[in-house]
Structures are given as C-alpha cells and as structure tokens.
Undergrad: 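Pasting a structure here, questions to come.
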Amino acid sequence: MAAAFLSLPTILNAQTENPRGIYKMMTLTGKQDIIKAPFDQYKICTDSVTLMLSVQDAAFRIGDNDHKVFNYTGEQPKDENDKGTLIYDSNADHFTMKWWNAGSGHVYFPDNNWCIEKYEANQYSETGRKIFDALTATSVTDKTNPLLGTWRVLGDVDELRDIKKALPKMHEHYASSKYHNSFYIFSPNTFALVFRFQGGVVNPVEYDGKKAYKLNGKTQRVKWLTKDRIAIEEIIDYRIDWKILERVTDDQTMLNRIASQYVSRHRR
C-alpha cells in the first residue's frame, strides 16, 4: 500500500508541480525577515499525506502537523479572507510554503500574518541524514551479520526459560501493549530506535558476530531464540532482563510504515 509513497514525479512544468519527496527547510521569512532555518525540519510529501519530521539533538519526531496533502496552489490566496496554506514555486527539487500564523508572541513567526518557509530536496543535516537512512532502509538479509534489519519489540521477560509461555501472550496483547509500534533498526553503521511516531538517539553501533553488539561503549548480549526472534540482555540495577525482538520481514521501509498509519487514521 505504502510502497509508492516516496516516488518522485517526472518534472513537466518546473515551478507548478506538486512537491513529492523529502525536503529540508532552508530559510524562514518572518519577524526577522529572511533567516536561515532555525529548526532542523523536514517535510515528507506524498500523494496521500504530508508529514513533518523535526530533529532536536539526536532525537526526532514525526507528525501530521499540516493535515493536508501538499499540492500546488499558487502564491496568492483566493481572497483576503483566505488563510489556507499556499504551496508554490514547487517541483521535485524545492517548494515554498506560505502559511498564516494566527498566534502571537513567537520568536520567529509574525503575529497574525503570513510566514514563508522555503524547502529543498536532497538536503540533510548530519543527524538528519542518519535518521532518514534508517527510516528509508529496506529489509536486508546478511548471513555474516544477521542482526542487520528492522526488529519489532514484543516485550520483556525476566527469565528466558519462560519465553515459550510468554510469546503467545506477547503476540495476543501486542496491539495494546506499551511496545506497540516500537522498533529497533540495525544498519551497518548505526542503530536507531523508533517508538511509535518518534525516535531515539541514532548512534554508531559495533557488531561482535551474532552474539553481541556494542552501543555507546556498552556491550549488549544477544540470545537467538529462532532465526527471526532474539532476546537482548538488559541489566537494570544489577538485575538481568531480556527484551524480546521479532524480525520484520516485509519490504516496507519504516518511513512508509509510519506514513501508512497516518493515512489509515484519516480514513477512519
């Protein structure tokens, strides 16, 4: 369903196309006139939904902030009462977004006036690039490093000897558990945690065969339960627990998985 979300269109009329793809905010025109973007912020533009990803330090959040698909509108509102968001000067490479700020007191946004944001494709901060590399990675199978890939977090157990009894319950209650839509992404060079629509720190990771990996200088032991299920050791207050992960085997990227969930919300 979501596989085509991020395909880019063929450019026919360079300035009047609908923006489709991943774009970074480059400049903002507001209270302080034109300034370099004060936020590490991205728009993910698809035919079905527009999502915004914001980065702060090494964490990120994805949201449906705009509540509309970004299609070309032209630069001018329909009339003086029209305060709808405008999208123009747009194609696969860039677009301009003009929106009305009805609030007051913001550092950058003008009070009760228009704000202009310019976006460009193929532009990322260092952290942004790592995040999107993780979110757009497709499933991989690597015999030399079987940890690579995306793993769904099912839950925790105190003792691995209880795992056979615990697994059916984890699957049964997964949709209502605190781990619903929580994932670990192991890429060749970095690790990312996605918890629903936000992500944890994206850090360098070192692999020690299939039995352990090192993150932030700390070794995490791995026990293989089956080919597609693992248990990761967690030491909390000198107590050992095990986090149970199950490999995601479909071909969806994490970004398309998140986008499809927002689309499903709109259709309810």
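Side-chain atoms are counted along with the backbone in the values below, which use heavy atoms only and exclude waters and symmetry mates.
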Undergrad: Between NZ of Lys165 and CD of Glu159, what distance do you get to the nearest 0.5 Å?
TA: 13.0 Å
Undergrad: Could you tell me the separation between the CZ atom of Phe197 and the CG atom of Leu51, rounded to the nearest 0.5 Å?
TA: 9.0 Å
Undergrad: Begin from the C-alpha positions of Leu86 and Glu75 and carry the test side-chain contact (heavy atoms from CB on, under 4.5 Å) through to its verdict.
TA: CA-CA 6 Å; Leu86 302 174; Glu75 185 174 353; 5.8 Å; no
Undergrad: Donor-acceptor check, side chain of Asp79 to backbone of Asn81, threshold 3.5 angstrom: yes or no?
TA: yes
Undergrad: Go through the side-chain N and O atoms of Ser125 and Asp40 and say whether any donor and acceptor fall under 3.5 Å apart.
TA: yes
Undergrad: Compare every heavy atom of Val157 with every heavy atom of Ala166, then report the nearest pair and how far apart it is.
TA: CB-CG1, 3.8 Å
Undergrad: Do the side chain of Asn101 and the main chain of Gly103 share a donor and acceptor less than 3.5 angstrom apart?
TA: yes
Undergrad: Going hydrophobic residue to hydrophobic residue with side-chain gaps under 4.5 angstrom, can you get from Ile235 over to Val222?
TA: no
Undergrad: Is there side-chain contact between Ile244 and Leu225, with heavy atoms separated by less than 4.5 Å?
TA: yes
Undergrad: Compute the centroid of each ring, for Phe109 and then for Trp99, and state whether the two points are separated by less than 6.0 Å.
TA: yes
Undergrad: Looking only at atom types and distance, does a side-chain atom of Thr190 sit under 3.5 Å from a main-chain N or O of Asn203, one as donor and one as acceptor?
TA: no
Undergrad: Honestly curious: do Leu147 and Leu215 fall in one hydrophobic cluster under the side-chain, below-4.5 Å linking rule?
TA: yes
Undergrad: For Asp241 and Arg239, run salt bridge (Lys or Arg N to Asp or Glu O under 4.0 Å): C-alpha distance rounded to whole Å, both residues' side-chain angles, the deciding distance at 0.1 Å, then the answer.
TA: CA-CA 7 Å; Asp241 287 344; Arg239 187 188 75 248; 2.8 Å; yes
Undergrad: Looking at Lys31 and Asp111, is there a salt bridge between them, counting it only when a charged N and a carboxylate O are closer than 4.0 Å?
TA: yes
Undergrad: Less than 4.5 Å apart, side chain to side chain, heavy atoms only: is that true for Asn18 and Ser90?
TA: no
Undergrad: Under 4.5 Å between any side-chain heavy atoms of Gln123 and Met26, yes or no?
TA: yes
Undergrad: Please evaluate residues Phe183 and Val248 with respect to the criterion side-chain contact (heavy atoms from CB on, under 4.5 Å), reporting the C-alpha separation (whole Å), side-chain torsions for both, the decisive distance (0.1 Å), and the verdict.
TA: CA-CA 9 Å; Phe183 299 87; Val248 177; 3.9 Å; yes
Undergrad: Do Glu234 and Trp242 have side chains that approach each other closer than 4.5 Å (heavy atoms only, starting at C-beta)?
TA: no
Undergrad: Under 3.5 Å, side chain of Arg247 to main-chain N/O of Leu148, donor-acceptor pair present?
TA: yes
Undergrad: Could you tell me which non-hydrogen atom of Asp66 sits nearest to which non-hydrogen atom of Thr50, and how far apart they are?
TA: OD2-CG2, 4.1 Å
Undergrad: Would you check if Gln252 and Ser260 make a side-chain contact, meaning some heavy-atom pair closer than 4.5 Å?
TA: yes
Undergrad: Within a 6.0 Å radius of atom NZ on Lys118, are there more than 12 heavy atoms belonging to other residues, nucleotides or ligands?
TA: no
Undergrad: Name the one of Phe191, Trp151, Tyr213, Phe195 that satisfies ring-ring contact (aromatic ring centres under 6.0 Å, His included) with Tyr184?
TA: Phe191
Undergrad: Check whether any side-chain heavy atom of Leu53 lies under 4.5 Å from a side-chain heavy atom of Gln41, and answer yes or no.
TA: no
Undergrad: Main chain of Ile87, side chain of Thr73: is a donor-acceptor contact present, judged purely on distance under 3.5 Å?
TA: yes
Undergrad: Are the aromatic ring centres of Phe39 and Tyr108 under 6.0 angstrom apart?
TA: yes
Undergrad: I would like to know whether Asp162 and Leu160 meet side-chain contact (heavy atoms from CB on, under 4.5 Å); could you show each step before the answer?
TA: CA-CA 5 Å; Asp162 299 328; Leu160 281 183; over 6 Å; no
Undergrad: Same hydrophobic cluster for Tyr124 and Val55, using side-chain heavy-atom links shorter than 4.5 Å among ILVMFWY?
TA: yes
Undergrad: Where the side chain of His94 meets the backbone of Ala121, is there a donor-acceptor pair that is under 3.5 Å apart?
TA: no
Undergrad: Return the minimal non-hydrogen interatomic distance between Met52 and Asn65, and the atom names on each side.
TA: CE-ND2, 3.4 Å
Undergrad: Do the side chain of Trp114 and the main chain of Pro110 share a donor and acceptor less than 3.5 angstrom apart?
TA: no
Undergrad: Hey, would you say the His180 and Tyr174 ring centroids sit under 6.0 Å apart?
TA: yes
Undergrad: Looking only at side-chain N and O atoms, does Asn181 offer a donor or acceptor that is under 3.5 Å from a partner on Gln261?
TA: yes
Undergrad: Distance-only, no hydrogens or angles: does the Lys210 side chain make a donor-acceptor pair with backbone N or O of Tyr207 under 3.5 Å?
TA: no
Undergrad: Can you tell me if Asn91 uses its side chain to pair, donor with acceptor, with the backbone of Asp93 under 3.5 Å?
TA: yes
Undergrad: Between atom CG of Asn189 and atom CD of Glu206, what is the distance when rounded to the nearest 0.5 Å?
TA: 10.5 Å
Undergrad: Under 4.5 Å between side-chain heavy atoms, counting indirect links through other Ile/Leu/Val/Met/Phe/Trp/Tyr residues: same cluster for Leu154 and Met254 or not?
TA: no
Undergrad: For atom NZ of Lys169, decide whether the heavy atoms of other residues, nucleotides or ligands shown that lie under 6.0 angstrom number more than 12.
TA: no
Undergrad: May I ask you to check whether Tyr179 and Lys243 show a side-chain donor-acceptor distance below 3.5 Å?
TA: yes
Undergrad: How far does CD1 of Ile34 sit from OG1 of Thr29, to the nearest 0.5 angstrom?
TA: 4.0 Å
Undergrad: How many angstroms lie between atom CD1 of Ile62 and atom CD1 of Ile44, to the nearest 0.5 angstrom?
TA: 5.0 Å
Undergrad: Using every non-hydrogen atom in the two residues, find where Asp82 and Lys78 come nearest and quote the distance to one decimal.
TA: OD2-N, 2.9 Å
Undergrad: Is there a side-chain contact between Leu135 and Phe60, using heavy atoms and a 4.5 Å cut-off?
TA: yes
Undergrad: If the test is ring-ring contact (aromatic ring centres under 6.0 Å, His included), which one of Tyr42, Phe132, Phe95 qualifies with Tyr23?
TA: Phe95
Undergrad: Val194 pairs by side chain to side chain contact (heavy atoms under 4.5 Å, CB included) with which of Val153, Leu255, Ile131, Ile258?
TA: Ile258
Undergrad: Determine whether a donor-acceptor pair (N or O, by modelled atom type, separation under 3.5 Å) exists between the side chain of Gln220 and the backbone of Glu233.
TA: yes
Undergrad: Ala134 and Ile185: which non-hydrogen atoms are nearest, and at how many Å?
TA: O-CD1, 3.9 Å
Undergrad: Does the distance from a Lys or Arg side-chain N to an Asp or Glu carboxylate O, for Lys214 and Asp208, drop under 4.0 Å?
TA: no
Undergrad: Evaluate the side-chain proximity of Met25 to Met97: yes if any heavy-atom separation is below 4.5 Å, no if none is.
TA: no
Undergrad: So which heavy atom on Val263 is nearest to which on Ser48, and how close?
TA: CG2-CB, 3.6 Å
Undergrad: Any chance you could measure Lys83, atom NZ, to Lys98, atom NZ, to the nearest 0.5 Å?
TA: 11.0 Å
Undergrad: Treating Ile, Leu, Val, Met, Phe, Trp and Tyr as nodes and any side-chain heavy-atom pair under 4.5 angstrom as an edge, say whether Leu193 and Phe186 lie in one connected cluster.
TA: yes
